[in-house]
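What follows is one structure encoded as structure tokens, with my remarks underneath.
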Amino acid sequence: MPNTSLVKATQDVLAAIHALAALAKTNTAAATLAAARNHADEALRALHLAKEILLLAPLRESDDPVHHALARRTVQQDLEWREHLIAHHAAWPIRALRADPQGYRIAAQQLFRMAERRIAHQDQLLEPMVREAMTAHRRAA
């Protein structure tokens, strides 16, 4: 299935979070940190929008309640992911990053691992379920 916009949005999120982790290795200016955070926020928003259009909408249109439940659970998990990113931003103001770059790097790596898990869920569960839902819809039509 992989839709190029979904693949690109996924790659953008991983790159943005990786860029956040890299800030621990430099003498980061507050403006640089803010720009990197804004970029990560925008990349995550774009991924969630692409996922909504390409994955969640077809699951919601399905007649299968399992697909509906998966769509609801995915939205809940994506909100938790967003909240985790916001909490990371709040926990690591520029002075905390400068005081503990190693701790910041570890925290950013945890964000990256969370992103990898959410993307694996997207690739391994959502996309096959969408294919299943679309096949069932075509058979019913």
Side-chain angles (χ1 to χ4, degrees), residues 1-26 28-141:
M1 161 186 273
N3 181 292
T4 56
S5 63
L6 187 61
V7 170
K8 181 179 179 339
T10 300
Q11 292 169 343
D12 288 349
V13 165
L14 291 174
I17 294 173
H18 183 70
L20 286 175
L23 293 176
K25 299 176 186 174
T26 64
T28 302
T32 303
L33 178 61
R37 287 179 172 174
N38 286 339
H39 181 70
D41 291 344
E42 289 173 17
L44 188 57
R45 208 171 299 117
L47 175 60
H48 288 165
L49 179 60
K51 191 187 301 186
E52 174 62 37
I53 294 166
L54 299 168
L55 300 177
L56 299 179
L59 290 176
R60 288 189 189 106
E61 292 169 5
S62 169
D63 293 332
D64 189 336
V66 172
H67 294 161
H68 295 219
L70 180 60
R72 281 191 307 274
R73 179 67 181 137
T74 299
V75 168
Q76 179 184 355
Q77 289 171 335
D78 286 349
L79 287 172
E80 290 168 3
W81 182 6
R82 175 79 180 120
E83 289 170 358
H84 193 76
L85 184 61
I86 290 168
H88 171 83
H89 294 345
W92 291 98
I94 191 71
R95 68 184 172 291
L97 184 156
R98 288 179 180 151
D100 185 9
Q102 178 68 12
Y104 175 82
R105 188 181 59 75
I106 291 168
Q109 286 174 339
Q110 289 171 340
L111 275 179
F112 192 80
R113 285 192 298 278
M114 175 184 275
E116 289 178 321
R117 285 190 306 273
R118 295 300 307 139
I119 291 164
H121 175 263
Q122 170 185 304
D123 294 345
Q124 297 167 7
L125 185 62
L126 287 179
E127 288 183 10
M129 287 290 240
V130 168
R131 282 193 294 272
E132 176 185 297
M134 293 172 95
T135 300
H137 181 71
R138 279 192 292 265
R139 273 187 265 157

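Remember, it's a predicted structure, so these values are computed and weren't measured experimentally. Scope of the values below: all heavy atoms of this structure, side chains included, with no hydrogens, waters or symmetry mates.
- The structure places CE of M114 at 11.5 Å from NE2 of H88, a figure rounded to the nearest 0.5 Å.
- Under a 3.5 Å cut-off, the side chain of T32 and the backbone N or O of T28 do not form any donor-acceptor pair.
- Here L54 contributes atom CG and L6 contributes atom CG; the two are 5.5 Å apart, rounded to the nearest 0.5 Å.
- In this structure the side chain of R37 reaches within 4.5 angstrom of the side chain of W92, judged on heavy atoms.
- R105 pairs by the salt bridge (charged side-chain N to carboxylate O under 4.0 Å, His left out) definition with nothing, not counting sequence neighbours.
- A distance-only check finds a donor-acceptor pair linking the side chain of Y104 to the backbone of L20 [under 3.5 Å].
- Inter-residue side-chain proximity for T74 and Q122 is flagged as unmet; no heavy-atom pair is nearer than 4.5 Å.
- Expressed to the nearest 0.5 Å, how far CZ of R131 lies from CG of L126 amounts to 11.0 Å.
- Once rounded to the nearest 0.5 Å, the distance linking CG of N38 with CD of E42 reads 6.0 Å.
- Remark: R98 engages no residue in a salt bridge (charged side-chain N to carboxylate O under 4.0 Å, His left out) (not counting sequence neighbours).
- For E52, the salt bridge (charged side-chain N to carboxylate O under 4.0 Å, His left out) partners at least two apart in sequence or on another chain are R60.
- Side-chain contact, H84 with Q110: no donor N or O sits under 3.5 Å from an acceptor N or O.
- For D123, the salt bridge (charged side-chain N to carboxylate O under 4.0 Å, His left out) test picks out no residue, with sequence neighbours left out.
- A16 and H39 get closest at one heavy-atom pair: CB-CD2, 3.4 Å.
- Taking the side chain as every heavy atom from C-beta outward, D64 and H68 never approach each other to under 4.5 Å.
- Using a 4.5 Å heavy-atom cutoff, the side chains of V66 and L70 are not in contact.
- When all heavy atoms of L23 and A36 are compared, the closest pair comes out as CD1-CB, 3.6 Å.
- Residues in residues 72-82 take part in these salt bridge (Lys or Arg N to Asp or Glu O under 4.0 Å) pairs, two or more places apart or across chains: D41-R82, K51-D78, D78-R118.
- Pairing each heavy atom of A43 with each of V13, the nearest pair is O-CG2, 3.2 Å.
- A donor-acceptor pair under 3.5 Å is absent between the side-chain atoms of H67 and the main chain of V130, judged by distance alone.
- The two atoms that bring A91 and A96 nearest to each other are O-CB, 4.1 Å, heavy atoms only.
- Taking CD of E116 as the start and NE2 of H121 as the end, the distance is 16.0 Å to the nearest 0.5 Å.
- A pairwise comparison of heavy atoms in L59 and A71 identifies CB-CB, 4.1 Å as the closest pair.
- Note that OG of S62 is 7.5 Å distant from CD of E132, once rounded to the nearest 0.5 Å.
- Residue A24 comes nearest to L97 through the heavy atom pair CA-CD2, 4.5 Å, listed as atom of the first residue, atom of the second, then distance.
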> side-chain contact (heavy atoms from CB on, under 4.5 Å) between I86 and W81: does it pass, once the steps are laid out?
Replying inline: CA-CA 9 Å; I86 290 168; W81 182 6; over 6 Å; no
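- Annotation: side-chain hydrogen bond (donor to acceptor under 3.5 Å, both in side chains) contacts involving residues 11-20, sequence neighbours excluded, comprise K8-D12.
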